[in-house]
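Single-structure report; data block below.
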Amino acid sequence: MASMNPKERRDAFADSMIAEGLLDQQFNQLLMLEEDGGGFLVEVIKLFCDDSERMISELSSLIDQPVVDFQKVGSFVHQLKGSSSSIGAHNIMVACMHFRQFCEQNDKQGCFRALNAVKNEYYRLQAKFNILVQLSREC
Amino acid sequence: MNASSKSIKILLVEDVKINRMVMRMMVKSLGLEMEEAEDGQKAVDYFVGGKKADVVLMDRDMPIMNGHEATRQLRSMGVETPIIVLSADDSQSNRDVFLQAGADEFLQSKPPSRKELVDVLTKYGLY
């Protein structure tokens with residue numbers, strides 16, 4: 001990696017995330033769009049992380065309630081799935097699909113487990129995104 | 001026809017900010033113009049206010065007014081602009097409700113790829 005230029009390093013790191021299954025081909029589309037507009041990729045990653053953390057926090061509060069508002073939970077899960085799809089966060093998207101099923105079944109324990117799965121996937125991705133943002137800023 | 005020979009305006013109706021941002025970049029890369037509505041009611045208000053668009057890209061699940069209802073209302077107002085649905089739910093029931101409401105086309109990948117977007121705009125003579 002040492003002989004690569006900054007853009008090659010960023011793209012190689014993104015490729016490794018795709019190979020690992022953390023991201024899907026949608027992210028390649030964002031990389032292509034980045035060619036047109038400077039700073040777009042960093043901006044979209046930052047927005048994704050800010051939004052995801054806000055939604056995970058809302059979901060945690062909702063599921064901790066004695067009576068869970070499953071419709072509201074489902075709405076946040078839908079939004080998180082949508083933003084994950086836009087950025088290509090494949091594992092979070094899949095975790096959200098399972099989460100949605102537990103919401104539809106009004107299954108509180110299932111939702112609790114699904115939320116933990118979403119959190120784990122998000123924190124895994126966030127750690128890699130931090131490196132990717134750093135590499136993008138060097139481009 | 002391409003973007004340089006005619007100024008095409010897209011109205012994107014989508015509640016998720018990051019989805020709007022990605023679509024904005026995609027549309028910009030095609031050299032087209034895009035306005036945004038955060039929910040179905042704002043899309044209806046857009047046309048009620050006398051604004052025009054060459055095509056509407058419509059989400060389904062949104063607060064205040066969903067895509068089904070917004071499509072229905074736009075058609076009942078006499079808006080003839082092509083309405084292309086962007087929905088990850090490609091079930092027949094979802095398609096049926098949209099088509100009955102007056103939508104013209106259904107793109108099942110959300111966000112669509114650049115090629116899918118170009119193909120559908122080309123189909124309607126907009127690119």
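Chain naming here is simple, since letters A, B, ... match the order of the sequence lines and numbering starts at 1 in each. Please read these numbers as outputs of a predicted model, since none were measured by experiment.
Using a 4.5 Å cut-off between side-chain heavy atoms of Ile, Leu, Val, Met, Phe, Trp and Tyr, with links allowed through other members, B:Leu99 and B:Leu57 fall into different hydrophobic clusters. Residue B:Val97 is not grouped with residue B:Ile84 when hydrophobic side chains (ILVMFWY) are merged at heavy-atom distances under 4.5 angstrom, including chains of intermediate members. Using a 4.5 Å cut-off between side-chain heavy atoms of Ile, Leu, Val, Met, Phe, Trp and Tyr, with links allowed through other members, B:Ile8 and B:Met34 fall into the same hydrophobic cluster. Hydrophobic clustering (ILVMFWY, side-chain heavy atoms < 4.5 Å, transitive): A:Phe102 and A:Val77 are in distinct clusters.
Note that the NE2 atom of A:His78 and the CE atom of B:Met62 stand 9.5 Å from one another [nearest 0.5 Å]. Here the CD-OG distance, from A:Gln25 to B:Ser113, works out to 12.0 Å after rounding to the nearest 0.5 Å. To the nearest 0.5 Å, the span separating CD on A:Gln79 from CG on B:Asn19 amounts to 9.5 Å. Interatomic distance, A:Ser86 OG to B:Arg20 CZ, rounded to the nearest 0.5 Å: 11.0 Å. Rounding to the nearest 0.5 angstrom, the gap separating the NZ atom in B:Lys28 from the CZ atom in A:Phe40 is 10.0 Å. Separating the NZ atom in A:Lys46 from the CD1 atom in B:Ile18 is a distance of 12.0 Å, to the nearest 0.5 Å.
Comparing A:Leu47, A:Leu30, A:Ile87 by how many heavy-atom pairs each has under 4.5 Å with chain B, the most go to A:Leu47.
Atom NZ of B:Lys17 has 12 or fewer neighbouring heavy atoms from other residues, nucleotides or ligands inside a 6.0 Å radius. At most 12 heavy atoms of other shown residues, nucleotides or ligands fall within 6.0 angstrom of atom CD in A:Gln71. Within 6.0 Å of CE on A:Met97 lie no more than 12 heavy atoms contributed by other residues, nucleotides or ligands.
For B:Met26 against A:Leu33, the heavy-atom pair with the smallest separation is CA-CD2, 3.7 Å. The two residues B:Arg114 and A:Gln29 come nearest to each other via the heavy atoms N-OE1, 3.5 Å.
In this structure, the portions of B:Val22 lying under 4.5 Å from any heavy atom of chain A include both its backbone and its side chain.
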